[in-house]
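I have placed the structure first, in the form of structure tokens, so that the comments after it can refer back to it.
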2 protein chains.
Amino acid sequence: MSPTSRVDALSSIDAAAPVDRSNQADVAYDRLKRLILDGALPAGAQMLEQEAATRLNMSRTPVREAMVRLRQEGMVEIRPRHGMRVLPVSARDMAEIYEVLTALEGIAAEAVARKGIAARPLASLRAAVADMDKALEAGDLVNWAEADERFHFQLVQLSGNSRLIQMVGQLWDQAHRARMLTLQLRPTPTNSVTEHAALVDAIASGDPESARQIHEDHRRRAGKMLVELLERLGLTQL
Amino acid sequence: MSPTSRVDALSSIDAAAPVDRSNQADVAYDRLKRLILDGALPAGAQMLEQEAATRLNMSRTPVREAMVRLRQEGMVEIRPRHGMRVLPVSARDMAEIYEVLTALEGIAAEAVARKGIAARPLASLRAAVADMDKALEAGDLVNWAEADERFHFQLVQLSGNSRLIQMVGQLWDQAHRARMLTLQLRPTPTNSVTEHAALVDAIASGDPESARQIHEDHRRRAGKMLVELLERLGLTQL
DNA sequence: GACACAATTTACGTATGCATTATCAGGGAG
DNA sequence: CTCCCTGATAATGCATACGTAAATTGTGTC
């Protein structure tokens, strides 16, 4: 999974892969979102409809549709004469995001533990944990982040709750830039492997309450750390 | 956040009443959504862009934008040659919705209890509970539902978490029709007053864990009841 | 009567046109 | 030098135009 869009990751796993990218509005949506997630359009950056249309080699119509979608996802705001503006993510935003994420991923873990997990996805989760471990030992934070995302993504997918999946994805996208930018500034996530392993064990042994508790604690801790880090650094424009 | 949705239904609460509706796309969005929530466009109903445009006395352009927004909110699907189609809500959907709602409203209650609640909003919550009581004694289920919604809405608002507020609103909207349609079929919510009162007490006394627990149990029970009711009645097209 | 295929209709996706109105520059008043 | 007012500029929101492709209707064959 590339460090790009959650949505892309979704579609790569989802059975019905939308192959037919014959749709300009979708193209615009994907490309604009990619620009934002990758930081090519940083917080506060503005882009006019016509500007984006020229850049994407299409008319304003599909661009406009894409912008409306991005606005609804909380990625940008649309201001009448200034085009879309990439929303900054403040420490307060991250606190909001992680508060919700904690609850949502908590019930995802609970649901998976309750439903029981097949051998294949269980192995996949363990593999992600192993990858995190390897990346940490190699001092490769980017790979660690990738494996971490993969773990959480798979877990949520396994819940089978489409609304849960969609909402978590949206929150992840909102937090993506802040996570990436703080990756090098945050303390090394040495405990993450143990924590994830404990979660997998709780799931494997079919203990929903523990699974939820562990994951909530995990996310809450991560959120607290990130928020404090952002506040300490005075970063309010990520 | 959607300008209308849940918020407008209870606009008496919302401070900023959107008077400026000079925007056709917003008008289209509001009116189409209203049609769906009120059941004028029942599940499975289809409406072409041109059809809606004529009906709303505008061109296809703003109608199209409205439809895109409704799609992203999970209210309709858009099928290339058949316009938008109002999505049915199955028992399984309700299970999904309530699973997420339980978690989200749970942390909302927790957050409010943790932050502490001022006298005014506290009184407002108690008033909603009192209204529920009155409505129940009068055998007026519609009023009961209204007061119940108002209670939950205010509670979530008090959390101050805009993302939480938005997501809960979206889920409520999705579940709205099913709730209304089962209102007369479900057992009388005799316990609801006691449960809500207990939650208010937990919040007033600043007990986040209890508040969360109580609200989660409350929502879980309500969800379970609704899902079972829908399954029993074989209602999969609400 | 059923079915295959062609002609026609039509809904959509996108491009473009246009009136409105916010923004910005420039000049004059204080 | 600063501020206000006015006209030019430009971005938007919406309407409309248009080509494409799906759906539907009609026709002929078996």
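All values below were derived from every heavy atom in this structure, side-chain atoms included, with hydrogens, water molecules and symmetry-related copies excluded. Every chain is numbered from 1, with letters handed out A, B, ... down the list of sequences.
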Who are the salt bridge (charged side-chain N to carboxylate O under 4.0 Å, His left out) partners of [X], not counting sequence neighbours?
| X | value |
| --- | --- |
| A/Arg92 | A/Glu96 |
| B/Arg220 | B/Glu216, B/Asp217 |
| B/Asp93 | A/Arg163 |
| A/Lys115 | none |

Taking heavy atoms of chain A and a 4.0 Å limit, find me the 5'-most and 3'-most nucleotide of DNA chain C within that range.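 Footprint of chain A along DNA chain C, 5' to 3': C/dT14 to C/dT23.
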For B/Arg219, which residues count as a side-chain hydrogen bond (donor to acceptor under 3.5 Å, both in side chains) partner, sequence neighbours excluded?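 With neighbours one apart ignored, the set is B/Glu105, B/His152.
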Set of side-chain hydrogen bond (donor to acceptor under 3.5 Å, both in side chains) partners for A/Asn161, sequence neighbours left out: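 B/Glu99.
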With B/Leu48 via side-chain contact (heavy atoms from CB on, under 4.5 Å) - residues at least two apart: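 B/Glu51.
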Encode nucleotides 9-16 of chain D as B, S and - characters from 5' to 3', where the letter depends on protein heavy atoms closer than 4.0 Å: B to the base, S only to sugar-phosphate, - to neither. -BBBBBBB
